[in-house]
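Down below is the structure, laid out as structure tokens.
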Number of protein chains: 4
Amino acid sequence: ARGKKAPITLIRCDGFICERESVDDGNITFRGAATEQVMLVWNSRPRRVLILTKKGPDLLPSLMEAARHLVTVEGMAVMVEPAVHAAVADEAGVALETFASPATLHEVVDLVVCLGGDGLILHVSTLFRGPVPPVLSFNLGSLGFLTPFDFKDFERNMGNVFRGQCLLSLRMRLTCSVLRAGVVVKEFDVLNEVVVDRGASPYLSNLDCFCDGKLITTVQADGIIMSTPTGSTAYSMSAGGSMVHPSVPAILFTPICPHSLSFRPIVFPDAARLRIDVAADSRSTAWASFDGKYRQQLRRGDGLMVQMSMFPVPTVNAEDDTSDWFASLDRAFNFNSRAKQKGL
Amino acid sequence: ARGKKAPITLIRCDGFICERESVDDGNITFRGAATEQVMLVWNSRPRRVLILTKKGPDLLPSLMEAARHLVTVEGMAVMVEPAVHAAVADEAGVALETFASPATLHEVVDLVVCLGGDGLILHVSTLFRGPVPPVLSFNLGSLGFLTPFDFKDFERNMGNVFRGQCLLSLRMRLTCSVLRAGVVVKEFDVLNEVVVDRGASPYLSNLDCFCDGKLITTVQADGIIMSTPTGSTAYSMSAGGSMVHPSVPAILFTPICPHSLSFRPIVFPDAARLRIDVAADSRSTAWASFDGKYRQQLRRGDGLMVQMSMFPVPTVNAEDDTSDWFASLDRAFNFNSRAKQKGL
Amino acid sequence: ARGKKAPITLIRCDGFICERESVDDGNITFRGAATEQVMLVWNSRPRRVLILTKKGPDLLPSLMEAARHLVTVEGMAVMVEPAVHAAVADEAGVALETFASPATLHEVVDLVVCLGGDGLILHVSTLFRGPVPPVLSFNLGSLGFLTPFDFKDFERNMGNVFRGQCLLSLRMRLTCSVLRAGVVVKEFDVLNEVVVDRGASPYLSNLDCFCDGKLITTVQADGIIMSTPTGSTAYSMSAGGSMVHPSVPAILFTPICPHSLSFRPIVFPDAARLRIDVAADSRSTAWASFDGKYRQQLRRGDGLMVQMSMFPVPTVNAEDDTSDWFASLDRAFNFNSRAKQKGL
Amino acid sequence: ARGKKAPITLIRCDGFICERESVDDGNITFRGAATEQVMLVWNSRPRRVLILTKKGPDLLPSLMEAARHLVTVEGMAVMVEPAVHAAVADEAGVALETFASPATLHEVVDLVVCLGGDGLILHVSTLFRGPVPPVLSFNLGSLGFLTPFDFKDFERNMGNVFRGQCLLSLRMRLTCSVLRAGVVVKEFDVLNEVVVDRGASPYLSNLDCFCDGKLITTVQADGIIMSTPTGSTAYSMSAGGSMVHPSVPAILFTPICPHSLSFRPIVFPDAARLRIDVAADSRSTAWASFDGKYRQQLRRGDGLMVQMSMFPVPTVNAEDDTSDWFASLDRAFNFNSRAKQKGL
């Protein structure tokens with residue numbers, strides 16, 4: 001009989017770590033599908049909840065209602081932001097904690113509860129630059145992409161999270177570093193996208209784009225969007241990018257009005273290390289904006305490094321990642337609407 | 001001091017297996033980036049090479065040249081397809097093996113060498129429906145997407161593969177099952193894409209689309225493309241899909257001429273189990289085609305299940321997945337061409 | 001003083017006629033904007049109305065109601081199709097005319113009234129292959145693109161048309177001729193679009209495309225749509241074509257899934273004479289379909305000539321072409337919906 | 001016999017003039033296809049040529065060579081711009097005229113000759129805000145969209161224009177008026193496009209869009225492009241607009257990154273009077289730019305009126321509008337390239 005095949009070893013490296021996998025029969029298989037949805041199990045009872053709400057007094061009554069339930073019924077310690085604490089601590093009827101700096105919040109907060117819209121999840125991302133506790137988002141009327149829970153069912157939903165099992169989507173963030181003369185001068189984490197554009201200049205400097213240190217193209221366009229799957233249904237979609245399911249480990253690279261017909265939106269793996277350089281002799285500077293805010297000029301010679309953060313924003317799903325996502329698409333875009341499909 | 005957070009356990013299930021991950025400090029991180037590129041190390045010397053070439057006599061001299069080198073210099077056993085064996089065994093000057101059925105080929109072939117174009121890789125995928133040995137693809141003039149090696153450097157390239165380390169892209173295949181009355185009546189594996197369309201009918205039956213058993217939408221369109229990343233630069237791209245890097249673990253779901261403006265191309269995770277049903281009362285039947293061949297009618301009431309195969313097609317990269325891919329894009333679409341970018 | 005410029009003559013030819021325009025001061029101006037919307041004034045009172053309705057008995061009561069009003073109140077002669085005449089002449093209560101052949105209908109019918117959906121306008125186009133009387137379209141519930149009038153206001157609307165002034169959109173039709181060995185073997189007029197596609201064949205023959213006798217490109221695609229502005233919001237839009245206002249004198253040329261990234265939808269002037277040839281040595285045949293019907297095979301060597309018909313379908317506008325069109329877009333696509341715009 | 005149909009009158013109004021057309025047999029036909037290509041015939045010999053070239057000394061030798069030929073062989077008076085006159089009048093060897101102000105240039109210049117690229121045609125459009133003489137554009141190496149003539153054949157081409165018949169494309173310009181408190185404060189004519197965008201602001205004010213005085217939609221997008229057919233292959237194309245043949249009398253309305261999936265590029269008739277209003281209570285101001293230059297802020301409450309100019313830029317075609325245009329598309333986008341079409 002013919003001899004068997006040579007045994008092999010496969011080595012996977014993702015920039016952080018390398019793993020060796022011995023394959024004795026020489027048959028190569030996938031190691032297991034990638035997925036960013038996990039089930040959360042509390043090994044002991046959680047103790048402290050941070051409640052966030054959007055600025056202004058409108059939602060403070062709802063916040064106090066939620067806090068009272070969590071303290072008196074669930075036995076939790078409840079923490080709120082300093083400005084909220086100043087406004088409501090006296091009248092809340094239960095003890096409310098607050099904090100001086102968000103730096104160590106992640107060490108003591110078991111769960112974050114958001115009352116408001118998608119903007120609040122971006123605020124969570126800003127408060128927790130390192131590890132982020134699970135985030136439970138309630139909508140109070142206006143339905144966003146990331147707020148699957150209805151505040152009317154607050155008590156039941158909280159009970160399910162504390163006592164049942166719940167599914168988390170581990171939402172990738174992108175760590176964006178502005179490089180000047182090779183040194184990082186600013187760093188931002190984004191949950192949706194970072195955009196490099198020409199600002200008010202009629203010209204876009206030619207932007208050199210690198211992946212893992214290799215020049216992949218020089219872009220002439222109004223700008224470039226680097227987006228997470230979470231951001232794929234936001235600005236990237238306006239620019240023609242695909243809808244990317246939140247469990248796909250990927251970074252979207254979507255040009256804005258490219259001057260070349262051959263430049264289509266690209267989907268990179270999550271491990272890709274992207275860099276955009278403004279050439280030293282370029283016609284103009286460029287601008288970067290992070291989750292639609294924090295606008296930052298990129299001077300000639302500057303670079304912007306973009307790569308996945310080790311620390312996801314884990315959001316609690318109402319049902320599961322697929323069902324929640326399509327429900328959001330339906331709400332926002334009439335995705336599944338028959339009436340619409342009749343139209344054309 | 002405030003107490004520490006509750007420790008948690010995360011459970012990841014991908015349909016095949018579940019893994020538990022204990023997180024004692026409660027800090028959720030990514031487990032390691034997903035990547036479909038691995039490094040291949042031979043634990044012992046490989047012994048048998050299968051050489052494939054496209055049909056017809058044109059490339060037989062190159063095949064014999066390659067075979068002689070592999071036998072005499074590298075000491076390999078060389079295998080060819082039966083028709084090729086019949087044509088050249090007598091004049092090859094070295095012993096050539098062949099096979100009666102491809103069923104057990106994967107147990108004895110250490111490496112596949114292709115001389116020809118992209119179509120030959122599709123042929124590899126057909127020969128090896130289970131595990132596939134690493135595939136080394138040489139172009140002989142016409143440059144395809146999957147043939148990064150130049151036949152002029154055959155000897156050097158072979159030496160590198162046998163003695164050096166080489167990078168493999170584990171290219172996902174989709175297993176497609178035609179269901180009739182709930183029973184699988186046909187099964188195909190595709191490396192590029194499966195398409196469901198209306199065939200010659202002027203009407204498309206409404207197609208019900210499911211992900212993991214949940215109805216996500218009813219499509220009215222000329223058709224639907226379900227594509228691997230490898231296929232993302234083929235038909236899916238013509239229909240408006242994004243370019244997806246070969247290391248992204250994802251399935252593309254790209255509508256052809258959708259009748260709804262809100263239906264954009266979707267990128268699903270690799271673990272997604274997709275199903276397309278032709279309604280029992282639908283206006284007409286539908287057609288499925290697999291890698292552009294094997295056209296198959298889907299009757300009213302039939303379904304088509306699509307999910308990733310456990311068995312990738314591992315192709316040897318000339319440099320690495322990113323460099324090889326952008327070189328292909330440049331060749332095929334002038335992706336990086338400055339002249340083109342000046343145009344607009 | 002410097003002398004004046006040389007006087008010039010400009011000659012405009014559109015394939016049908018040439019006009020000379022003397023420009024004595026040498027200053028070139030536009031002769032007047034193109035528009036396909038005109039105001040209709042009856043020089044004497046119209047006398048005969050043809051009422052059409054979709055097949056089946058459902059709308060016959062409405063048809064009889066309309067007929068009685070037109071005969072008794074407006075003093076019109078009313079004509080219906082033969083099958084309708086057979087079904088309702090006895091019970092209508094007023095005299096109804098009918099016809100044996102549609103060939104000379106255009107000589108006696110002053111106005112066509114449609115009760116039903118967009119499909120009925122396509123039927124008008126089939127009945128009147130030459131000149132078409134003004135068409136007044138009533139919707140009875142389901143709102144189409146071409147049915148701006150509400151049947152509830154039938155009497156008032158009819159009065160306005162007979163006694164007031166009304167605006168007509170002159171909707172272009174395309175005359176499509178199938179050429180075999182240089183001879184026209186079939187001819188169709190379309191109001192929406194003609195499509196050339198690959199039918200059930202997995203391959204598309206290369207199609208040579210000509211404008212005014214000059215080869216402009218060889219298309220590799222799933223197919224080609226040649227559409228009127230009326231058809232621009234139908235199939236052409238699914239394939240990525242722009243929305244074209246009904247008063248633009250233009251022919252849309254929209255590829256379906258083109259295999260080249262540089263092939264974008266093209267808008268030609270109304271005078272363009274387009275031709276698609278299936279090469280004599282092409283890999284397969286092609287199929288043409290006309291307004292989504294009348295599927296016709298194009299053999300190797302066949303050609304398809306497409307040019308504007310001299311005879312428009314004049315549809316009565318409820319308000320004016322722009323208002324009616326945007327109202328249709330809003331109904332069909334939520335074009336103006338704020339809720340939708342919030343989504344992204 | 002049944003009586004004949006009622007005779008009718010059709011009235012066409014385009015905002016400038018109304019025409020009555022009596023239709024005695026009641027049969028409605030098109031009046032003749034719209035076309036923006038005309039044949040130019042000189043009624044008497046032209047006498048004065050204005051030669052333009054791009055700034056800088058590089059092309060002055062070519063300009064002098066052209067001038068000497070026109071004066072000595074063709075017997076023309078030759079005019080150049082003041083700065084060029086100052087630089088070369090002494091060494092030209094023939095008499096060169098110049099001018100103090102461009103205001104009355106159109107009364108004395110029979111023909112404009114451009115030596116350079118597309119930018120020079122934009123300069124012609126700026127010099128001649130009213131009537132524009134025919135423009136003959138020579139490329140000197142770099143091939144643009146509007147420079148079909150090769151300078152190597154200068155003498156032959158000039159002879160053809162003076163003694164033969166030549167085809168002119170009457171290229172539409174858009175007159176753009178900035179309105180503040182209902183008063184026009186600035187006016188620009190553009191040959192390519194006018195763009196309204198959000199400038200450096202991260203927010204776009206909601207823009208109210210009107211056609212002929214009617215609100216058609218409120219746009220949420222990065223911006224809006226209003227383009228001529230000439231500009232359809234420039235910025236509008238980057239934003240997803242169709243390629244519009246230069247003889248189509250139309251205005252393109254192309255959104256940049258619209259926030260609604262239902263907002264597709266629109267093609268309006270040339271007679272459309274468009275207006276964009278920045279709401280008085282809008283979140284931010286907007287910016288308009290005209291042919292990529294002359295950036296102008298639009299304050300809250302400002303409006304921008306856009307409509308076709310009565311005065312086209314007549315450019316001399318090398319062959320005819322269709323052939324010249326497809327040759328440009330091929331040069332700029334490899335439109336017709338077989339190699340490209342093979343790629344996908």
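In what follows, chains are A, B, ... by sequence order, proteins preceding strands, each numbered from 1.
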So, B:Arg47 side chain and B:Ala77 main chain: donor-acceptor pair closer than 3.5 Å or not? no
Let's test your reading of the structure: which of A:Asp25, A:Val38, A:Asp24, A:Asp212 forms the most heavy-atom pairs below 4.5 Å with chain B? A:Val38
When heavy-atom pairs shorter than 4.5 Å are enumerated against chain B, which of A:Cys211, A:Pro314, A:Pro312 gives the highest number? A:Pro312
Where on B:Phe268 is there a heavy atom nearer than 4.5 Å to chain A: the side chain, the backbone, both, or neither? both
Counting distance only, does the side-chain N/O of B:Thr228 pair as donor-acceptor with the main-chain N or O of B:Thr230 below 3.5 Å? yes
Counting heavy-atom pairs closer than 4.5 Å to chain A, which one of B:Pro131, B:Ser242, B:Ala250 comes out on top? B:Ser242
For side-chain contact (heavy atoms from CB on, under 4.5 Å), just list the numbers for A:Phe162 and A:Leu111, CA-CA rounded to whole Å, side-chain angles, deciding distance to a tenth of an Å, and then say yes or no. CA-CA 10 Å; A:Phe162 290 136; A:Leu111 185 77; 3.9 Å; yes
Side chain, backbone, both or neither: which part of A:Thr322 has a heavy atom under 4.5 Å from chain B? side chain
Portion of A:Val109 that has a non-hydrogen atom of chain B nearer than 4.5 angstrom: backbone
Which one, B:Asp320, B:Ile266, B:Thr254, leads in non-hydrogen pairs under 4.5 Å with chain A? B:Ile266
What are the two closest heavy atoms between B:Pro229 and B:Pro246, and how far apart are they? CB-CA, 4.1 Å
Quick one: do A:Leu40 and A:Leu167 satisfy side-chain contact (heavy atoms from CB on, under 4.5 Å)? Show the steps, please. CA-CA 6 Å; A:Leu40 168 69; A:Leu167 291 172; over 6 Å; no
Under a 4.5 Å heavy-atom cut-off, does chain B meet the side chain of A:Pro7, its backbone, both or neither? both
Considering only heavy atoms, which portion of B:Leu168 lies under 4.5 Å from any heavy atom of chain A: side chain, backbone, both, or neither? side chain
Using non-hydrogen atoms and a 4.5 Å limit, figure out which bit of B:Ser22 sits close to chain A: side chain, backbone, both or neither. side chain
NZ/NE/NH1/NH2 to OD/OE distance under 4.0 Å, B:Arg163 and B:Glu74: yes
So, the part of A:Arg45 with a heavy atom under 4.5 Å from chain B: the answer is backbone
Please state whether the side chain, the backbone, both or neither of A:Arg264 comes within less than 4.5 Å of a heavy atom of chain B. both
Kindly give the heavy-atom pair with the smallest separation between A:Glu36 and A:Asp270, and that separation in Å. OE2-OD2, 4.1 Å
Tell me, do A:Arg48 and A:Leu50 make a side-chain contact under 4.5 Å, heavy atoms counted? no
I'd like to know which of A:Val132, A:Ile251, A:Ile28 tops the heavy-atom pair count under 4.5 Å against chain B. A:Ile28
Does any N or O in the side chain of A:Gln220 come within less than 3.5 Å of the main-chain N or O of A:His259, such that one atom is a donor and the other an acceptor? no
What part of A:Asp110 gets closer than 4.5 Å to chain B, counting heavy atoms only: side chain, backbone, both or neither? both
